[in-house]
Amino acid sequence: MADGGSNLKNPSRRKPRLNPQHDAEKHIQCKTDKAGLREVFVSSYKGQFSISIYSIPACISGVQSELQCSGCTTGLVGTSLSLTSLFVFFFFLKGRGVFASVPFSKGDFVLEYKGKLLSLDNSATNTYNSTEATFLFDFQWKGKYFCIDASLEDQSLGRLVNDEHIIPNCKMRTIAVNGMPHLCLFAIRDIMAGEEVTYNYGDSDWPWRKQVW
Ligand SMILES: C[S@@+](CC[C@H](N)C(=O)[O-])C[C@H]1O[C@@H](n2cnc3c(N)ncnc32)[C@H](O)[C@@H]1O
């Protein structure tokens with residue numbers, strides 16, 4: 001007899017959750033990203049301030065007001081514009097990011113940070129521009145220093161995960177497959193569908209972490 005969705009009625013027959021370590025190994029070996037994640041272009045809102053300005057001469061876009069400021073001494077006839085409040089918004093463009101389209105549970109494997117594995121010696125000989133350099137992830141494994149160079153646009157999602165140093169939802173861990181280290185993101189708390197996947201890039205003075213004021 002067909003199952004007809006009876007798994008929902010009988011929880012004991014639900015597909016068992018894959019061990020996160022095995023899940024990571026499986027995706028590393030298959031060289032695939034996990035389903036349920038997508039690339040989205042994002043901007044990060046950094047704040048807003050409002051200032052009240054009365055009767056500013058509106059020398060904006062050629063519009064003139066009947067009032068004058070120190071830089072506008074001509075008697076002005078034209079569109080009267082009294083600005084009482086000016087709101088200024090600041091956005092720090094994050095560029096692309098990775099969003100969950102299905103929920104993930106705490107502990108789940110989420111993504112591999114794919115790229116070229118370099119030993120410290122190799123990476124020292126490469127030169128990177130400032131954009132490429134943000135795709136380098138240095139790490140230590142078995143007492144040696146390595147780097148994953150993810151500067152190549154290869155359509156993988158791990159390289160697009162953005163920084164969040166206060167409330168990240170993932171953490172990077174090293175997983176060995178066939179004797180080689182791989183960097184993988186694991187959920188450190190439940191992640192809701194629609195939430196951006198993030199991790200802490202580490203203790204650097206990243207410009208986007210600075211408050212605008
Ligand atoms: C590894 S890339 C991440 C993917 C990148 N957003 C993209 O579109 O290619 C790192 C770069 O993303 C941006 N970025 C990462 N986290 C950010 C954040 N929290 N706020 C603003 N920009 C961020 C910075 O430009 C940084 O140099």
Side-chain angles (χ1 to χ4, degrees), residues 2-48 89-117 131-132 134-137 139 148-177 180-202 206-209:
D3 187 287
S6 61
N7 280 356
L8 287 174
K9 292 178 199 144
N10 182 358
S12 63
R13 294 184 64 193
R14 273 188 205 142
K15 207 175 159 190
R17 180 186 173 205
L18 200 55
N19 172 301
Q21 169 96 16
H22 294 161
D23 195 18
E25 290 168 1
K26 188 187 87 181
H27 283 90
I28 290 168
Q29 277 160 345
C30 298
K31 300 184 187 336
T32 52
D33 279 336
K34 202 163 171 170
L37 295 155
R38 65 198 167 95
E39 176 187 328
V40 173
F41 192 83
V42 271
S43 61
S44 134
Y45 170 68
K46 290 302 269 186
Q48 167 210 331
F89 295 88
F90 284 86
F91 289 90
F92 203 114
L93 284 182
K94 274 187 175 179
R96 297 161 296 176
V98 178
F99 281 70
S101 41
V102 297
F104 286 82
S105 300
K106 182 177 177 179
D108 278 353
F109 161 70
V110 179
L111 275 172
E112 180 186 0
Y113 186 85
K114 292 191 194 125
K116 200 166 150 193
L117 178 68
T131 306
E132 289 167 339
T134 64
F135 289 94
L136 304 176
F137 193 107
F139 66 104
I148 294 285
D149 170 1
S151 59
L152 188 73
E153 291 282 345
D154 63 356
Q155 312 304 313
S156 68
L157 291 175
R159 62 189 295 280
L160 303 183
V161 177
N162 286 318
D163 170 55
E164 169 54 61
H165 65 294
I166 300 169
I167 42 163
N169 50 32
C170 287
K171 193 175 167 65
M172 199 72 93
R173 273 177 45 203
T174 311
I175 299 286
V177 171
M180 301 304 278
H182 293 260
L183 295 177
C184 292
L185 287 170
F186 289 85
I188 52 172
R189 58 178 170 81
D190 290 347
I191 303 175
M192 291 181 301
E195 203 181 326
E196 183 176 2
V197 174
T198 56
Y199 69 101
N200 186 342
Y201 280 15
W206 301 106
W208 55 83
R209 289 183 183 175

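Here the structure is a predicted model, which is why all the values come from computation and not from measurement. Values below: every heavy atom of this structure, side chains too, minus hydrogens, waters and symmetry copies.
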For residues 96-106, which residue pairs qualify under side-chain hydrogen bond (donor to acceptor under 3.5 Å, both in side chains), counting only residues two or more places apart or in two chains?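 The answer is Arg96-Glu153.
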Check: Asn169 side chain, Glu196 main-chain N or O, donor-acceptor pair, under 3.5 Å: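 Yes, the answer is positive, given that a donor and an acceptor are paired below the 3.5 Å cut-off.
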Donor-acceptor pair, distance only, cut-off 3.5 Å: does the side chain of Asp33 make one with the backbone of Leu157?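 Checking the backbone N and O of Leu157 against the side chain of Asp33, a donor-acceptor pair under 3.5 Å is found.
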Gap separating the [atom1] atom of [X] from the [atom2] atom of [Y], nearest 0.5 angstrom:
{"X": "Arg209", "Y": "Ile166", "atom1": "CZ", "atom2": "CD1", "value": "8.5 Å"}
{"X": "Ile28", "Y": "Asp23", "atom1": "CD1", "atom2": "CG", "value": "10.0 Å"}
{"X": "His165", "Y": "Asn200", "atom1": "NE2", "atom2": "CG", "value": "7.5 Å"}
{"X": "Ser151", "Y": "Lys116", "atom1": "OG", "atom2": "NZ", "value": "8.5 Å"}
{"X": "Phe109", "Y": "Leu185", "atom1": "CZ", "atom2": "CG", "value": "8.0 Å"}

With sequence neighbours excluded, tell me which residues meet salt bridge (Lys or Arg N to Asp or Glu O under 4.0 Å) with Arg173.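 Result, salt bridge (Lys or Arg N to Asp or Glu O under 4.0 Å) vs Arg173: none returned.
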Return the set of residues passing salt bridge (Lys or Arg N to Asp or Glu O under 4.0 Å) with Glu132 (not counting sequence neighbours), or none when no residue passes.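 Partners of Glu132 by the salt bridge (Lys or Arg N to Asp or Glu O under 4.0 Å) criterion come out as none, since no residue qualifies.
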Mind telling me whether Tyr113 and Tyr199 have parallel, tilted or perpendicular rings, with 30° and 60° as the class edges?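 Geometry flag for Tyr113 against Tyr199: perpendicular rings.
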Aromatic plane relationship, Tyr201 with Trp208 - under 30° parallel, 30 to 60° tilted, over 60° perpendicular: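 Perpendicular, since the angle between the ring planes exceeds 60°.
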So, applying side-chain contact (heavy atoms from CB on, under 4.5 Å) with Arg159, which one of Leu152, Asp154, Leu111, Ile148 is it?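 It is Asp154; the other options fail the test.
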Identified side-chain contact (heavy atoms from CB on, under 4.5 Å) counterpart of Cys184 within the set Glu112, Lys171, Met172: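 Of the listed residues Glu112, Lys171, Met172, the side-chain contact (heavy atoms from CB on, under 4.5 Å) partner of Cys184 is Glu112.
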Do Asp163 and Trp206 have side-chain atoms, one donor and one acceptor, less than 3.5 Å apart?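 There is no such pair between these side chains.
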Without hydrogens or angle criteria, can the side chains of Glu25 and Gln29 be said to hold a donor-acceptor pair below 3.5 Å?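 Note: Glu25 and Gln29 side chains miss the donor-acceptor criterion.
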Phe186 versus Ile175: any side-chain heavy-atom pair under 4.5 Å?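 Side-chain contact under 4.5 Å: yes.
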Closest approach of [X] and [Y], non-hydrogen atoms and distance?
{"X": "Val161", "Y": "Val197", "value": "CG1-O, 3.3 Å"}
{"X": "Ile191", "Y": "Ala187", "value": "CD1-CB, 3.9 Å"}
{"X": "Pro181", "Y": "Thr174", "value": "CB-CG2, 3.7 Å"}
{"X": "Cys170", "Y": "Ile188", "value": "N-CG1, 3.7 Å"}
{"X": "Thr134", "Y": "Thr131", "value": "OG1-O, 2.7 Å"}

Output all residues satisfying ring pair (Phe, Tyr, Trp, His ring centres under 6.0 Å) with [X], sequence neighbours left out; order by chain, then residue number.
{"X": "Phe104", "answer": "none"}
{"X": "Phe135", "answer": "none"}
{"X": "Phe99", "answer": "none"}

NZ/NE/NH1/NH2 to OD/OE distance under 4.0 Å, Lys34 and Asp108: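 Salt bridge flag = no for Asp108 with Lys34.
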